[in-house]
Structure formats: C-alpha cells, structure tokens
Q: 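Pasting a structure below so you can have a look.
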Amino acid sequence: MFQTVIDAFAQLPEIEAIALGGSRSGVHYDETSDYDIYLYCTAPVPEETRREILEKYCSRLEISNHFWELEDNGTFLDGIDFDILYRNLDDFVAGVASVVEGCQAQNAYTTCMWHNLITSKILFDRHGRLAQAQNRFSVPYPEALRQNILNRGWQLLHSSMPAYELQIAKAAKRGDLVSINHRTAAFLETYFDMLFAINRKTHPGEKRLMSLATECCPVLPEAFEENLNALFRHMFIDPDALVKDIHRIVDELEKIL
C-alpha cells in the first residue's frame, strides 16, 4: 500500500520530489511509528486528486489539515498511521539556509528542519533537486550557529529577566499547574536545543529526546537522566522540589557550557 501510494503521487506533474522522514527513515522506530511523507510540489495538488489516491488504502483519512504545514493525515488499512506534508522545495531550502548558512538561532528546535532534510530518504526526485539540497546542507555544524543557539538558549533558560527558570519559580509559588506545565515544556525545548548544539548534532525532533541525547551526545550534564526524572516526579506534586530540580539542571548545564 505504501509503495502504491508513493508511485501514484510520483505520476502527478505537480510533484517534484518525495521523501520519507521521521523515525521510519532510520532505525529508531517501532510498531507505533507512523510514516512521515514529504511531497515537494511545484503547484498545489487538488484535494480531489489526493483523496482519490489515498482513500482506497485507508481506514481513516483527513484531507488538508493546516495545523502546522499543509498535510493529509490517515491510517492505512494495515493500521499504520501516516502524515503527508506538502511543501515548496525552494521555500523549504530557504528556511534551512537561514539556519545553516545564516546561523539564525530560534527559541527551540533550531536545527530540526536541517535534520529533517539531510536524514530523509529520497523516494522520488524528478530533477535531482532534493538530492542537491541534501548535498548542499550535508556540512559540518557551523560554529557561529552553535554559539548563537547557546547564547540565546542561556538567556531564555537563566540569565534574562523573562527566563524560564524564573517563570517556573513564580508559577510554582502560585501553585499554577497549567503555567508550570507550559513553562517547563518551553524550558525543556530550549534545554535540548542547547544540548544538541553543544554536541554539534542536528536536532532530531520532539520524540525520544532523552534516549537519543544519551545515545548520540558524548557531552551531557552530570546526572542528566536522574535530574530530568526527578523534575517529572515533582512537577505537579511538590513545587518546592520542582524549583530545586530546575536550578540543579541549570547548574549542571552551566558546567558543561
């Protein structure tokens, strides 16, 4: 079913390239992993065309969701979920270039799209432009980008007036569980952005971050997993301990910075 769908999309004149990304493009997948399929288009593919290709192979199908990128989401008849994302290759490459060549840091997930591009498996490439983009960005981690991520991240975590560390302490003092959850999630997003940058590794995304960091990052804070697990235990039941956990995580990060 998967290959039949890929072959059908490859016949459309609007499709320039097709790539498989996410965990199924590598070794970190299991029975819960879905297919992340990227269709690089020169023009919009009509909804009725996409539905005609997909619906005969799906137990569930949603066409044209716009929550993040334009995508179709569904479940194949074999039970495996899929996300099909429609992208303009030039726009996507420009976004990656702003990070890799322009060294622009973000609040979190700075190098995710770079990682997505260079680790995806190309399934179809009409003019070879997707392969050219992969080659263009298969480069060593730019030191200027690394420093920009670390400088921005440290301000967000600790050193600026609106730093997450301070916001979490205020939320804990108020007993505001929603705010604790929100700010802690933002704290962790930036924390992992910094960890991958410290190790000159592209950011793999939002899943399995503790195990992936342990596996691919030779430089990690002391008691990395223990401190994170303590934070998760205390988030909603012990505000004082949570604040101490955040301080401890920041202190250990500062040591390796």
Side-chain angles (χ1 to χ4, degrees), residues 1-89 91-93 95-96 108-109 111-126 129-131 133-134 181-182 185-186 188-189 192 196 202-213 215-216 232:
M1 286 183 292
F2 173 83
Q3 190 60 52
T4 301
V5 167
I6 296 302
D7 292 343
F9 276 112
Q11 299 302 312
L12 302 179
E14 303 94 336
I15 302 300
E16 183 171 14
I18 304 174
L20 176 66
S23 56
R24 283 192 177 267
S25 67
V27 298
H28 299 287
Y29 68 89
D30 54 36
E31 67 278 2
T32 66
S33 299
D34 56 11
Y35 289 112
D36 294 318
I37 305 166
Y38 307 104
L39 301 188
Y40 294 92
C41 311
T42 57
V45 181
E47 286 189 7
E48 58 270 23
T49 301
R50 288 144 50 193
R51 186 179 299 278
E52 182 179 354
I53 290 173
L54 291 168
E55 63 183 357
K56 65 178 70 73
Y57 302 109
C58 297
S59 60
R60 182 178 180 183
L61 178 62
E62 295 179 356
I63 297 290
S64 291
N65 283 329
H66 289 267
F67 300 114
W68 296 277
E69 301 179 60
L70 173 62
E71 56 189 88
D72 298 332
N73 310 105
T75 304
F76 284 126
L77 293 175
D78 60 6
I80 299 177
D81 294 334
F82 65 83
D83 302 320
I84 299 178
L85 288 78
Y86 299 87
R87 295 171 168 173
N88 176 279
L89 183 56
D91 292 343
F92 186 74
V93 166
V96 175
Y109 300 104
T111 59
C112 268
M113 292 299 103
W114 178 20
H115 181 90
N116 178 265
L117 174 60
I118 62 176
T119 61
S120 292
K121 289 183 178 178
I122 297 176
L123 307 178
F124 173 74
D125 198 3
R126 192 182 304 277
R129 295 183 66 227
L130 183 56
Q134 282 192 337
N181 182 72
H182 183 222
L188 292 173
E189 289 172 358
F192 278 98
F196 289 113
T202 54
H203 196 304
E206 79 278 9
K207 300 174 183 175
R208 305 182 177 92
L209 286 184
M210 286 178 64
S211 60
L212 287 175
E215 178 181 325
C216 74
F232 300 137

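This chain uses plain numbering: 1 for the first residue, then up along the sequence. If you're wondering where the values come from, they're calculated on a predicted model, not measured in any experiment.
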Q: If you round to the nearest 0.5 Å, how far is CG of Leu12 from OG1 of Thr49?
A: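 Answer for the OG1-CG pair, Thr49 versus Leu12, is 6.5 Å.
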
Q: Does CD in Glu52 sit with more than 12 non-hydrogen atoms of other residues, nucleotides or ligands closer than 6.0 Å?
A: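 Not more than 12 within 6.0 Å, no.
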
Q: For Gln11 and Asp7, what are the C-alpha separation, side-chain angles and deciding distance, and is it a side chain to side chain donor-acceptor pair (under 3.5 Å)?
A: CA-CA 7 Å; Gln11 299 302 312; Asp7 292 343; over 6 Å; no

Q: Taking side chain as C-beta onward, heavy atoms only, is Thr4 less than 4.5 Å from Ile53?
A: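 Thr4 vs Ile53: side chains apart.
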
Q: Taking all heavy atoms of Ile80 and all of Asp34, pick out the closest pair and write down the distance.
A: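 Result for this residue pair: CG2-CA, 4.4 Å.
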
Q: Could you give the distance from CD1 (Ile6) to CG (Leu123), rounded to the nearest 0.5 Å?
A: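 Reported value, rounded in 0.5 Å steps: 5.5 Å.
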
Q: Do Thr119 and His115 have side-chain heavy atoms sitting under 4.5 Å apart?
A: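 Yes; the side chains approach each other to less than 4.5 Å.
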
Q: Only pairs at least two apart or in different chains count here, so list each ring pair (Phe, Tyr, Trp, His ring centres under 6.0 Å) that has a residue in residues 37-57.
A: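 Sorted result for residues 37-57: Tyr40-Phe92.
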
Q: Taking Glu14 for the side chain and Pro46 for the main chain, is one N or O donor matched with an acceptor at less than 3.5 Å?
A: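 No; judged by distance alone, with no hydrogens or angles, the pair does not exist.
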
Q: Among Thr75, Leu61, Asn73, which residue meets the side chain to side chain contact (heavy atoms under 4.5 Å, CB included) test with Phe82?
A: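 Going through Thr75, Leu61, Asn73 one by one, the side chain to side chain contact (heavy atoms under 4.5 Å, CB included) with Phe82 is satisfied by Leu61 alone.
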
Q: Quick one: OG1 on Thr42 to CZ on Arg129, what's the gap to the nearest 0.5 Å?
A: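 Answer rounded to 0.5 Å: 9.5 Å.
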
Q: Any side-chain heavy atom of His203 within less than 4.5 Å of one from Leu209?
A: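 His203 vs Leu209: side chains touch.
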
Q: Are Cys112 and Glu206 side-chain neighbours, meaning at least one heavy-atom pair lies under 4.5 Å?
A: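 With C-beta onward as the side chain, the pair stays apart.
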
Q: How many angstroms lie between atom SG of Cys58 and atom CG of Asp78, to the nearest 0.5 angstrom?
A: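 Going from the SG atom of Cys58 to the CG atom of Asp78 covers 9.5 Å.
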
Q: Check whether Asn65 reaches the backbone of Phe67 with its side chain - one donor and one acceptor, N or O, closer than 3.5 Å.
A: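 No, the answer is negative, given that no donor and acceptor are paired below the 3.5 Å cut-off.
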
Q: Please examine the side chains of Leu188 and Phe232, heavy atoms only from C-beta on, and report whether any two atoms are closer than 4.5 Å.
A: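 Yes, their side chains come closer than 4.5 Å.
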
Q: Sub-3.5 Å donor-acceptor pair from the side chain of Asp125 to the main-chain atoms of Leu130, do we have one?
A: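 Indeed, once roles are kept as given, a pair shorter than 3.5 Å links the two residues.
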
Q: Assign the ring pair Phe2 / Phe76 to parallel, tilted or perpendicular, where the plane angle (0 to 90°) is split at 30° and 60°.
A: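 Plane angle over 60°, so perpendicular.
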
Q: Between CG of Leu70 and CD of Glu47, what distance do you get to the nearest 0.5 Å?
A: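 One finds 8.0 Å between CG of Leu70 and CD of Glu47.
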
Q: Looking only at heavy atoms, what is the nearest atom pair of Ile18 and Ala10, with distance?
A: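 So the two residues come closest at CD1-N, 3.9 Å.
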
Q: Does Pro44 reach the side chain of Tyr86, with side-chain heavy atoms less than 4.5 Å apart?
A: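 SC-SC contact between Pro44 and Tyr86 ruled out.
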
Q: For Ala133 versus Val93, what's the shortest heavy-atom pair and its separation?
A: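 Looking at all heavy atoms of both residues, the shortest contact is CB-CG2, 3.8 Å.
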
Q: Can you tell me which residue among Arg51, Glu71, Arg50 is in a side-chain hydrogen bond (donor to acceptor under 3.5 Å, both in side chains) with Ser64?
A: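 Of the listed residues Arg51, Glu71, Arg50, the side-chain hydrogen bond (donor to acceptor under 3.5 Å, both in side chains) partner of Ser64 is Arg50.
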
Q: Would you please name every residue forming a side-chain hydrogen bond (donor to acceptor under 3.5 Å, both in side chains) with Glu189, sequence neighbours left out?
A: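 Scan of Glu189 (side-chain hydrogen bond (donor to acceptor under 3.5 Å, both in side chains), adjacent residues dropped) gives none.
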
Q: Any side-chain heavy-atom pair from Asn116 and Asp36 closer than 4.5 angstrom?
A: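 No, side chains not in contact.
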
